[in-house]
Amino acid sequence: MSDYIAITGGHDVTEDIHVSGSKNAGLALMAATLLASGTSTIQGIPPISDVNNMGRILQCLGADVSCVDDVLEINMTNAKQHSIPDELVSSLRASILVLGPLVARFGYAKLCLPGGCAISSRPVEKHLRGIKKLGATVNIINGSIEALASRLLGATVNMETPSVTGTMNVMMAACLVHGVTRIHNAVREPEVVDLANFLISMGADISGIGTDCLIIVGRGGLSSPSQYKVMEDRIEAGTFLILGAICGNPLTIHRCNVEYQTILVKKLRSVGAVVDVVGNSVTVHKAEKPCSVDIQTGPYPAFPTDLQPQFTVLLSLDHGKSRVVETIFESRFGHCPGLQAMNAKIQINPGQVAVISGVRKLSAALIAGSDLRATASLVLAAIAAHGTSVVGGMKYINRGYFDLEKKWEQIGVAVRRLPDEQSHISSKYD
Ligand code: EPZ
């Protein structure tokens, strides 16, 4: 299937969108099933390519993984430490999440360094330091992480600066060790809360959930949960909330837990969008009189870095002069060259600061995303732009968003996947 789609934009979007299950929470829950023998049943994890690859990783480790409708069944009865092909581990960032469970359950883990979007160097030293604190010996030899542990014990782990998967890894390992583990400077992301709740359903003893200090009382073993339903994808929900502010007339997003969207809803209202919340459904009307607003990304509950590229598109349209400060990743403005090709006026300053002067309209172009959220932002821009754009990078979209083309069609977007023969189109921004 080609990596390019054609989108004819410049029209408002309306109707309803139903958000799928969370990619980042779902991947963590899948890794957590390694912590216990038996079968875990998880509902709502979207069949996106990152999830498929995580399933293949678990199968390499002896798991039986099956999916019927939207229920994932993972049987860990025959799980054991085993080598995992580098091409699988390096295909996604979340593969690092098998490290903690493998070391805690089997006393040994070996895997190459993980992959992930090219938005920073994506280091893992916080993960390794946390596992070492619990008593493991961890080395990186020829690009592979090798961890060994005869006996892990509860400890105090200070993450120092926030790390989502780093917090997840240490929390999972701590559930199996004997003794009390305190994780200081833990992140408070809802996906970490969802993982903690899943671990509790497996018999874990975790307190401080949702705070920056997690306390895990490990008793050496867990049981597989009967069944669990993953939270909805708050980044997909946020992406559609932003689309509603760009051209919603109106757009309603269902399965959107607005508790996770506090800062985004505040910023959308600041730029003039009308946001109405009824339970888990949020209706967004585009701004009649758009205003400027500044955003700065940070760990939850600050503005999410995974919605920064999408919000940058909104600010590129008629919103006066705004500033976007990216504090989480050192190279997360990869979407800007494509937006500039569409007539956006964006100046990138040192220190990860983008100054945006809104323009009346964006124009269609041939563009390509460099990572998951950058590509999602270019799609939003193509939906807003007048004319037909060709957007490359669907391989990234397929990693992180489920059934997106169908969802766009549902809300009136004219989208067409280009046939392979046309996918030779080289984007100006590859
Ligand atoms: C998770 O990545 C998410 N991915 C990312 O979502 C998200 O952007 C990020 O958290 C921040 O919210 C998954 O959950 C699979 P971090 P993660 O560790 O855990 C530095 C998406 O689009 N750091 O919180 O890898 C790191 O370089 C993806 O869905 C270290 O220095 O992010 C970054 O600057 C993109 N050493 C900062 O910390 C470490 O050992 C935050 O990274 C780990 C991280």
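In this text the structure is predicted, and so the values were computed from the model without any measurement.
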Glu330, CD atom: more than 12 neighbouring heavy atoms under 6.0 Å:
yes
Is atom CZ of Arg122 surrounded by more than 12 heavy atoms (other residues, nucleotides or ligands) closer than 6.0 Å?
yes
Output yes when a side-chain donor or acceptor of Thr8 lies under 3.5 Å from a complementary backbone atom of Thr388, and no otherwise.
no
Ionic contact status for Arg332 with Asp306, cut-off 4.0 Å
yes
Is it true that a side-chain atom of Ser331 and a backbone atom of Ile119 form a donor plus acceptor pair closer than 3.5 Å?
yes
With the side chain counted from C-beta on, respond yes when Thr239 and Val379 share a heavy-atom pair under 4.5 Å apart, and no when they do not.
no
Check Thr375, Ile48, Ile5 against Ile397 for a side chain to side chain contact (heavy atoms under 4.5 Å, CB included) and give me the one that passes.
Thr375
Contact between Ile346 and Phe333 at the side-chain level, heavy atoms closer than 4.5 Å - yes or no?
no
With a 3.5 Å distance limit and no angle check, can you tell me whether Ser95 reaches the backbone of Val89 through a side-chain donor-acceptor pair?
yes
Within a strict 4.5 Å, meaning less than it, do heavy atoms of the Asn249 and His11 side chains meet?
no
Closer than 3.5 angstrom, by distance alone: can the side chain of Thr211 be matched with the main-chain N or O of Cys213 as a donor-acceptor pair?
yes
Using the side chain to side chain donor-acceptor pair (under 3.5 Å) rule, pick out the option among His335, Gln352, Arg373 that qualifies with Gln308.
His335
Does a donor on one side chain and an acceptor on the other come within less than 3.5 Å for Lys126 and Thr161?
yes
Grab the two heavy atoms, one from Arg105 and one from Met76, that are nearest each other, plus how far apart they are.
NH2-O, 3.9 Å
Nearest atoms (heavy-atom pairs only) where Met159 meets Asn185:
CB-O, 3.5 Å
Just by distance, with hydrogens left out, do Asp294 and Gln296 show a side-chain donor and acceptor under 3.5 Å apart?
no
Is there a donor-acceptor pair under 3.5 Å between the side chain of Asp194 and the backbone N or O of Met231?
yes
Shortest non-hydrogen pair, Pro47 vs Asn52, comes out as O-ND2, 3.8 Å
Going through the distances and angles, do Leu264 and Phe311 end up as a side-chain contact (heavy atoms from CB on, under 4.5 Å)?
CA-CA 9 Å; Leu264 174 62; Phe311 204 86; 3.8 Å; yes
Leu35 vs Leu199, test: side-chain contact (heavy atoms from CB on, under 4.5 Å). Steps then yes/no.
CA-CA 9 Å; Leu35 291 166; Leu199 293 168; 3.4 Å; yes
Rounded distance [0.5 Å steps], CD in Glu405 versus CD in Glu409
7.0 Å
Within a strict 4.5 Å, meaning less than it, do heavy atoms of the Val192 and Tyr300 side chains meet?
no
Output for pair (Ile141 CD1, Cys112 SG), nearest 0.5 Å, gives 14.0 Å
Check: Glu73 main-chain N/O paired with Thr41 side-chain donor or acceptor under 3.5 Å
no
Check the surroundings of atom NZ in Lys266: do more than 12 heavy atoms from other residues, nucleotides or ligands lie under 6.0 Å from it?
no
On a heavy-atom basis, the closest approach of Leu97 and Asn169 is O-OD1, 3.6 Å
Can you tell if the side chain of Val98 reaches within under 4.5 Å of the side chain of Met54, non-hydrogen atoms only?
yes
Suppose we screen for salt bridge (Lys or Arg N to Asp or Glu O under 4.0 Å). Which residues come up paired with Lys110, at least two apart in sequence or across chains?
none
Nearest non-hydrogen partners of Glu232 and Asn257, listed with the distance
OE2-CB, 2.8 Å
Atom CD1 of Ile45 and atom CE of Met30: how far apart are they, to the nearest 0.5 Å?
5.5 Å
Has the side chain of Glu326 got a donor or acceptor atom that lies under 3.5 Å from a matching backbone atom of Ile328?
yes
Could you grab the distance from atom CG of Leu88 to atom CD of Gln59, nearest 0.5 Å is fine?
9.5 Å
For Ala365, is there any backbone N or O sitting under 3.5 Å from a side-chain donor or acceptor partner on Ser389?
yes
Is it true that atom CZ of Arg323 has more than 12 heavy atoms of other residues, nucleotides or ligands lying nearer than 6.0 Å?
no
List the steps and the verdict of side-chain contact (heavy atoms from CB on, under 4.5 Å) for Leu128 and Leu99.
CA-CA 9 Å; Leu128 308 188; Leu99 173 67; 3.7 Å; yes
Evaluation steps, side-chain contact (heavy atoms from CB on, under 4.5 Å), between Asp50 and Leu27
CA-CA 8 Å; Asp50 271 11; Leu27 292 167; 4.1 Å; yes
Do Phe198 and Val230 come close enough that some side-chain heavy atom pair is under 4.5 Å?
no
What distance separates Leu29 CG from Leu72 CG, expressed to the nearest 0.5 Å?
9.5 Å
Main chain of Pro250, side chain of Thr14: is a donor-acceptor contact present, judged purely on distance under 3.5 Å?
yes
Rounded to the nearest 0.5 angstrom, the NZ-CD1 distance for Lys406 and Ile17 is 10.5 Å
Validation row: Pro290, Leu317 side chains within 4.5 angstrom (heavy atoms)
no
Any sub-3.5 Å donor-acceptor pair from Ser377's side-chain atoms to Val313's backbone N or O?
no
Any idea which heavy atoms bring Lys407 and Phe402 closest together, and the distance?
NZ-O, 3.0 Å
Are the side chains of Asp371 and Phe329 in contact, using a 4.5 Å heavy-atom criterion?
no
Using a strict cut-off of less than 4.0 Å between a Lys/Arg side-chain nitrogen and an Asp/Glu carboxylate oxygen, indicate whether Lys23 and Glu236 qualify as a salt bridge.
no
